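Both ligands and their constituent atoms are indexed starting at 1 by order of listing. The structure presented is a predicted model; accordingly, all values stated were derived computationally and were not measured. These values consider heavy atoms only, across backbone and side chains, with no hydrogens, waters or symmetry-generated copies.
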Amino acid sequence: MTDPVDDLIAFIEASPTPWHAAHNAAGILAEAGFVPLRPSEAFEGVESGFVLRGGSLVAWHGAPGAGGRPFRAIGAHTDSPGLRVRPRPVHGSEGIVQLSVEPYGGLLVNSWLDRDLSLAGRVVVSDPDAPGGRATRLFHHRDPVLRVAQLAIHLDRDANDGLKLDRQRHIQPIWALGEPGPGDFSAFLASEVDVEPLQVLSWDVQLCDVQRPSRIGRSHELLAAPRLDNLCSCYGALRALVDARRAGRGAVVVLNDHEEVGSVSATGAVGAWLAQVLERVAGGNGGSRSELLAALSGSMLLSADMAHATHPNYPERHEPSHHVAMGGGPVIKHNVNQRYATEAATAAAFRDACGTAGVPVQEYSHRGDLPCGSTIGPASAAALAIDTLDVGMAQLSMHSIRELMACSDVEQMCRAFTAWFEND
Ligand code: CO
């Protein structure tokens with residue numbers, strides 16, 4: 001058994017974007033014997049497989065839905081807040097070349113200042129050998145090439161009394177010295193994916209931190225890393241699915257893109273994709289639609305996303321009776337207004353799984369005077385009419401470029417998720 005924290009670090013480092021995360025998830029599943037299927041392919045007789053589409057992936061084992069038997073599922077999201085490059089990015093002034101970027105999701109903008117940044121994404125290139133004459137290629141530039149420079153304290157004397165950052169003007173990164181050229185960015189992408197600049201047709205590109213994840217703290221008990229929200233949960237779901245397959249149990253994992261921007265997309269949690277895939281999996285294994293619907297009515301989805309640990313510098317921001325500790329095990333997230341999908345029955349089932357795994361459980365409830373965040377749980381529950389709960393691992397600095405969690409929670413998450421699949 002490999003160390004889950006080392007595995008998670010490797011997964012995060014290899015996954016600067018949701019497209020990389022889904023691609024690497026596919027690699028983990030293929031290595032474990034799951035059959036890769038293209039979205040356009042028939043799913044006939046594939047009992048353990050997965051289908052990858054952009055930054056999303058659905059994987060299954062044990063022909064879920066066929067025969068009307070209930071199954072267990074885990075969902076998580078592949079995307080993280082950050083800065084994305086606009087379609088016409090290159091501009092310049094003051095002898096400095098900059099890229100034009102747009103905020104994606106609810107990032108903590110200040111955390112992106114004065115860091116060594118790079119670029120990663122997917123590029124669609126013309127390729128006569130590919131279907132339709134076009135191919136999509138991923139790239140991840142490892143060297144630092146960008147910086148969002150903060151204004152000097154001498155020019156912003158109020159910076160330490162409440163930093164104000166305009167999300168149009170103050171986040172544009174510096175790329176080079178000199179004068180901008182119109183084809184500069186296509187030329188950069190072309191060299192990244194090994195084509196001629198004229199072959200670059202289109203792209204989705206985002207900025208990423210080049211600093212590697214670190215184990216920090218007196219005994220290295222903490223993990224500081226980008227994108228813990230929510231690659232940590234993606235990793236836990238995949239590892240549990242691989243373990244469930246070894247145990248021969250039926251199970252589903254869905255990894256959705258676009259959670260940080262509301263989940264409304266072709267493969268987001270608000271939408272038809274998961275339901276369509278499940279219908280094809282059940283049908284491909286001899287099950288009818290009504291068997292699938294019967295199975296769903298007795299099934300449960302665990303929506304896994306990160307949770308807010310109580311911040312020692314700001315304890316007053318947390319609900320007094322629901323403090324959450326890093327290292328205290330998975331957190332059941334409750335919200336009576338359905339920002340989280342947890343209900344008594346699903347919470348009880350997860351408590352049972354944690355009991356089986358010997359893992360402690362915590363409970364989170366948001367303050368009544370602060371708006372509560374949400375996740376894919378309520379959206380997936382609505383799309384599938386499936387009983388759901390929201391669970392997370394405790395972290396600090398959520399939506400910062402570099403987040404923080406306890407190493408021990410990674411291991412406890414893996415055990416709890418495996419028991420979730422194996423329990424009745
Ligand atoms: Co999240």
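- For the 3.5 Å distance criterion, the side chains of S80 and R227 fail to qualify, holding no donor opposite an acceptor.
- The side-chain contact (heavy atoms from CB on, under 4.5 Å) with V123 is formed by just one residue from the set T136, V200, D204; it is V200.
- With 3.5 Å as the limit, one finds a donor-acceptor pair spanning the side chains of S303 and D390.
- The Co ion (ligand 1) sits nearest to atom NE2 when only the N, O or S atoms of H77 are considered.
- Note on E259: not counted as a metal contact of the Co ion (ligand 1), no N/O/S atom lying under 2.8 Å.
- Around CZ of R167, the count of heavy atoms belonging to other residues, nucleotides or ligands within 6.0 Å does not exceed 12.
- Rounding to the nearest 10°, we obtain 80° for the angle at the Co ion (ligand 1) between D305 OD1 and D229 OD1.
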